[in-house]
**Q** 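My structure is below; once you've seen it, I'll send some questions.
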Amino acid sequence: MRSKRPSKGGKDNEGRSERSGSRRGDSSKRDSSPRGGASSRRDSSRRDSSGSGRKGGRDRSAKGIVLEMFSSSPDTLFTQRQMARRLGVVDKKGRDELQNIVNALVRENKLLLIDGDKYQLNLRVNIITGRVDLANSKYAYIVSEETEDDVRVFREHLKYAMDGDLVKVEVLPTMQGGRAEGMVVEVLERTRTELVGIMTLSKNFGFVVPDFKKLYFDVFVGERGLNGAESGDKVLVKIVEWPKEPGKNPTGEVTRIFGQAGEHEAEMHSIMAEFGLPFEFPEEVEEESEKISDKITAGEVAKRRDMRDVTTFTIDPADAKDFDDALSIQKLENGRWEIGVHIADVTHYVHPRSLLEKEAFHRATSVYLVDRTIPMLPERLSNGLCSLRPNEEKLTFSVVFELDDNGKLYDTWYGRTVTYSDRRFSYEEAQERIESGEGDFAEEINILNGIAKKLQEKRFKNGAISFETTEVKFKLDENGKPLYIYVKERKDAHKLIEEFMLLANRKVAEYVYNLGKGKKRPTMVYRTHGSPDPEKLSTFSLFASKFGYKVDPEGDISEELNNLTHEIEGKPEQSVLQNLAIRTMAKAKYSTEPEGHFGLAFDHYSHFTSPIRRYPDMMAHRLLQHYLDGGQSEDKEAFEERCRHSSEMEKRAADAERASIKYKQVEFMKDTIGNQYKGIVSGVTEWGIFVEIEENKCEGMVRLSSLNDDYYELDANNYRIIGRQSKRIISFGDEVMVEVTGANMAERTIDLELVKTLK
């Protein structure tokens, strides 16, 4: 595999192909880095064009062989005995396996069963419906419930369908090694008609080059559609005409100009538009929020448990503006503690058929970019009516626990309350009281911290995973320029709040789950998290072994991962290994199915504690109150659809947050060109090696073409590169010194040069 190739292609840390020359690079080659092996949702079926995939290479190759036999004689009918004879299958095990393969092909409508014992290739057109998943700028995969295998469609047959579009595809009967291929016959639903990109102007027209690196076309904009856009502007372009034949460009018109590429506001706004995030609330939604009364009437208080006289406070980030959870504590006569988890009663103000409700559902979550929050609810609610601000009476929905000093739970109460926050703590202020034992409410905070530690200890003993992800934060100047990057440190004050929120979320889920049995269990919105994928876990075990750590994929997974966490704490490879381990696990999602939460080791778990910023929490509030009032089970399908939407919007928000972080990392590194840093090899590909800089967690690429001491080749199976003459080896996990040589803000990539390895 040649390394010194005349290409500028590579991958950024989102696994996307860089452009090569004026257009896109080739990301169709297999990425053998841990990023490629452990992070891709459908990695094994996506990247290997030889046909090995979701069910394993042997099964898929066998299917291909059977189909090739039929394709070579498309009009011939074969019995199973004739098939076995042609394929050289002679034993019973082989005949049984052949029958299973044939049955699968019949189910997939690729073979037809004739007269009960004969089979023929189905020459009729096989049309499926599915979603487009762009693999790179050359082809996409169609993901469909109608077929086990994803169908590859090359760009000339995509009919300009984009990522996420719903399409009809004709699946071609010819198989090459089991890889299904097809062509789009109709685009049924476009997920978007607007794109973000950079304007390139000619005399009377322009082209918008999309930011989305996998997209395979630019957008033509005529003179009338420019609307004042200049060359180099970041713009939002709406596609108004799609070509009738391949090889042409869609036609669009500029609907929003963000400013010159590279400017802070232009880039942040373009990220918002790229991910379909709203810029403002509709005027009628703002007006509706302003009409809500801020008065708490005596009649409303009478409906609730009055807890205004109980010591209550909030603990949040220093720069937080909305406070949706508070803790209360008081000692009971029996010597135990009554600890209340009080959550903003958002659904008291946001009614099911209101415009506010419609907008909250549409947004589904608040989004946190590096310099701003895009809230789910208007400021009147998020920072005002629903925010549990100090020295104000607030309407809350509470879970109140009776606990002893060892964290043993004796009783739980659920219901609506009215509370009064005595103090607003930042995490730093609360941490000071934990460490010094001094200051206002120091006794209460330390009692809560002691109980929280007991709760955490029990969670880990029950199998919870103790991984903590690295959270990168920025200090920005008044113009949005990053002054420095730091990693947010989680101390006891953070963990104190987390434990009581986890307890409240778990007990709410358990309460609703236990209201019924079997199919009669009432509908609830759960937060679920499946067990790790065995194949990904095995791959991760190999990665960990490169660092000298043992992870037994056949053992107790929770125990194995927790042992690893303990071993790597404080080590240079901690961030890389933890991120890879997290990618082995299933994605957490919202569901009406009580499937449990593997990472937390909870049989049942919900999201109840952040209704200001998460729509699923609003659903949980409504359902809990409905059942507390004696209501019957709600429509499961309706809530499941809302769960799907919430999960999708959560992913979109996370992608936007990562994009803003990556952009600011590149912007910061732009001013460090020529500086040298210590880092760790975090990935290897045929294009180059990725290095995560230890000091600031920025990741860049050392291109193999820049390694002038030898001719390097990729050893994909062992996650390393090897010099052809010197046999010098650079492996995943190696510590290195690198020099920053470039930072491309448009591509969000950082170029590095290898100075030396540190072994």
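Just so you know, residue 1 is the first one in the sequence shown, and it goes up from there. The structure presented is a predicted model; accordingly, all values stated were derived computationally and were not measured. All heavy atoms count here, side chains included; hydrogens, waters and symmetry mates do not.
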**Q** Does the side chain to side chain contact (heavy atoms under 4.5 Å, CB included) test come out yes or no for S137 and K213, once each step is laid out?
**A** CA-CA 7 Å; S137 61; K213 297 176 179 63; over 6 Å; no
**Q** Could you tell me the separation between the CG atom of D233 and the CG atom of N227, rounded to the nearest 0.5 Å?
**A**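 Result: 12.0 Å between the selected atoms.
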**Q** Between E359 and R363, is the closest basic N to carboxylate O distance under 4.0 Å?
**A** yes
**Q** Could you walk me through whether R192 and E274 pass the salt bridge (charged side-chain N to carboxylate O under 4.0 Å, His left out) check?
**A** CA-CA 10 Å; R192 59 170 56 200; E274 178 183 345; over 6 Å; no
**Q** Please step through side chain to side chain contact (heavy atoms under 4.5 Å, CB included) for the pair T129 and L166, ending with a clear verdict.
**A** CA-CA 7 Å; T129 300; L166 185 67; 3.7 Å; yes
**Q** Mind checking whether M649 and R644 have side chains closer than 4.5 Å, heavy atoms only?
**A** no
**Q** So, do K168 and L188 sit near enough that their side-chain heavy atoms are less than 4.5 Å apart?
**A** yes
**Q** Would you confirm whether T255, through its side chain, and L236, through its main-chain N or O, come within 3.5 Å as a donor-acceptor pair?
**A**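 Yes, the answer is positive, given that a donor and an acceptor are paired below the 3.5 Å cut-off.
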**Q** Could you tell me whether a side-chain N or O of T741 sits under 3.5 Å from a main-chain N or O of D751, the two making a donor and an acceptor?
**A**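 Yes, because the side chain of T741 sits within donor-acceptor range (under 3.5 Å) of the backbone of D751.
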**Q** Going from CD1 on I689 to CZ on R720, what distance comes out if it is rounded to the nearest 0.5 angstrom?
**A**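 Rounded to the nearest 0.5 Å, the CD1-CZ separation comes to 14.0 Å.
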**Q** Are V208 and L195 side-chain neighbours, meaning at least one heavy-atom pair lies under 4.5 Å?
**A**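 When only atoms from C-beta onward are counted, L195 and V208 do not touch, as no gap falls below 4.5 Å.
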**Q** For the CD1 atom of I239 and the OG1 atom of T193, what is their distance to the nearest 0.5 Å?
**A**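 The OG1 atom of T193 is 7.0 Å from CD1 of I239, to the nearest 0.5 Å.
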**Q** So, taking the atom named NE2 in H645 and the one named CZ in R642, what distance separates them when rounded to the nearest 0.5 Å?
**A**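 The NE2 atom of H645 sits 11.0 Å away from the CZ atom of R642.
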**Q** Answer yes when E648 and K589 have at least one side-chain N-carboxylate O distance shorter than 4.0 Å, and no when they do not.
**A**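 Looking at K589 together with E648, the answer is no, because their closest N to O distance does not fall below 4.0 Å.
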**Q** With side-chain contact (heavy atoms from CB on, under 4.5 Å) as the test, pick out the partner of E667 among M745, K662, E267.
**A** M745
**Q** In Å and rounded to the nearest 0.5 Å, what is the CZ to CD1 distance from F275 to I374?
**A** 11.0 Å
**Q** Between T373 and L369 (side chain of the first, backbone of the second, donor and acceptor by atom type, cut-off under 3.5 Å), is there such a pair?
**A**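 Here the side-chain-to-backbone pair does not exist.
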**Q** Apply salt bridge (charged side-chain N to carboxylate O under 4.0 Å, His left out) to E265 and R372, showing your working.
**A** CA-CA 11 Å; E265 281 299 308; R372 71 195 68 198; 2.9 Å; yes
**Q** Looking only at non-hydrogen atoms, find the nearest pair between F205 and G222 and report the distance.
**A**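 Heavy atoms of F205 and G222 come nearest at CB-CA, 4.3 Å.
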**Q** Find the distance between CD1 (I485) and CE (M669) and round it off to the nearest 0.5 Å.
**A**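 Rounded to the nearest 0.5 Å, the CD1-CE separation comes out at 7.5 Å.
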**Q** Salt bridge (Lys or Arg N to Asp or Glu O under 4.0 Å): which pairs involve residues 247-258, sequence neighbours left out?
**A** none
**Q** Is it the case that the side chain of E650 and the backbone of Y590 share a donor-acceptor pair, with hydrogens and angles ignored and the cut-off at 3.5 Å?
**A** no
**Q** Out of L158, V151, D165, V132, which residue meets the side-chain contact (heavy atoms from CB on, under 4.5 Å) rule with V184?
**A**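 By the side-chain contact (heavy atoms from CB on, under 4.5 Å) criterion, V184 pairs with just one of L158, V151, D165, V132: L158.
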**Q** Side chains of V740 and L752: closer than 4.5 Å at any heavy-atom pair?
**A** yes
**Q** Using side-chain heavy atoms (C-beta onward) and a distance below 4.5 Å, is I128 in contact with E145?
**A** no
**Q** Donor-acceptor pair, R131 side chain versus G164 backbone, under 3.5 Å?
**A** yes
**Q** Ignoring hydrogens, what is the shortest heavy-atom contact between M199 and L226? Give both atom names and the distance.
**A**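 Taking M199 first and L226 second, the nearest heavy atoms are CE-CD2, 3.8 Å.
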**Q** Side-chain contact, heavy-atom cut-off 4.5 Å: T365 with R613?
**A** no
**Q** Any idea how F220 and F207 line up, ring-wise: parallel (<30°), tilted (30 to 60°), or perpendicular (>60°)?
**A** perpendicular
**Q** Where does the angle between the aromatic ring planes of F279 and H269 fall among parallel (under 30°), tilted (30 to 60°) and perpendicular (over 60°)?
**A** tilted
**Q** Does atom NZ of K238 have more than 12 heavy-atom neighbours, drawn from other residues, nucleotides or ligands, at distances under 6.0 Å?
**A**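 Not more than 12 within 6.0 Å, no.
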**Q** How are the rings of F154 and Y139 set to each other: parallel, tilted or perpendicular (split at 30° and 60°)?
**A** perpendicular
**Q** Under the 3.5 angstrom rule, does the side chain of T251 hit a backbone N or O of V240 as a donor-acceptor pair?
**A** no
**Q** Is T685 reaching over with its side chain to a backbone N or O of W687, donor-acceptor style, under 3.5 angstrom?
**A**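 A pair under 3.5 Å: yes.
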**Q** Can you sort out the partners of E694 under side chain to side chain contact (heavy atoms under 4.5 Å, CB included), two or more places apart, ordered by chain and number?
**A** P572, K678, E735
**Q** Write down the atom of S366, the atom of P375, and the distance for their closest heavy-atom approach.
**A**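 Closest pair (atom of S366, atom of P375, distance): OG-CA, 3.5 Å.
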**Q** Going by the angle between their ring planes, with limits at 30° and 60°, are Y160 and W242 parallel, tilted or perpendicular?
**A**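 Correct class here is tilted.
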**Q** Can you check whether C643 reaches P616 side chain to side chain, under 4.5 Å on heavy atoms?
**A** no
**Q** Could you walk me through whether I721 and L704 pass the side chain to side chain contact (heavy atoms under 4.5 Å, CB included) check?
**A** CA-CA 9 Å; I721 57 171; L704 296 194; 3.6 Å; yes
**Q** Judged by atom type as modelled, is there a donor-acceptor pair below 3.5 Å linking the side chain of S731 to the main-chain atoms of D734?
**A** no
**Q** So does R652 pair up with D655, basic N to acidic O under 4.0 Å?
**A**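 The answer is no: the pair does not qualify as a salt bridge.
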**Q** State which residues pass ring-ring contact (aromatic ring centres under 6.0 Å, His included) with H157; sequence neighbours excluded, sorted by chain then number.
**A** none
**Q** Spell out, as yes or no, whether a donor-acceptor pair under 3.5 Å connects the side chain of S144 to the backbone of E146.
**A** yes
**Q** Just do the salt bridge (charged side-chain N to carboxylate O under 4.0 Å, His left out) check on D671 and K481 with the steps written out, would you?
**A** CA-CA 11 Å; D671 295 330; K481 183 178 180 180; 3.3 Å; yes
**Q** Is H529 reaching over with its side chain to a backbone N or O of K587, donor-acceptor style, under 3.5 angstrom?
**A** no
**Q** Is there a side chain to side chain contact (heavy atoms under 4.5 Å, CB included) between N718 and F732 once you walk through the steps?
**A** CA-CA 9 Å; N718 293 297; F732 170 78; over 6 Å; no
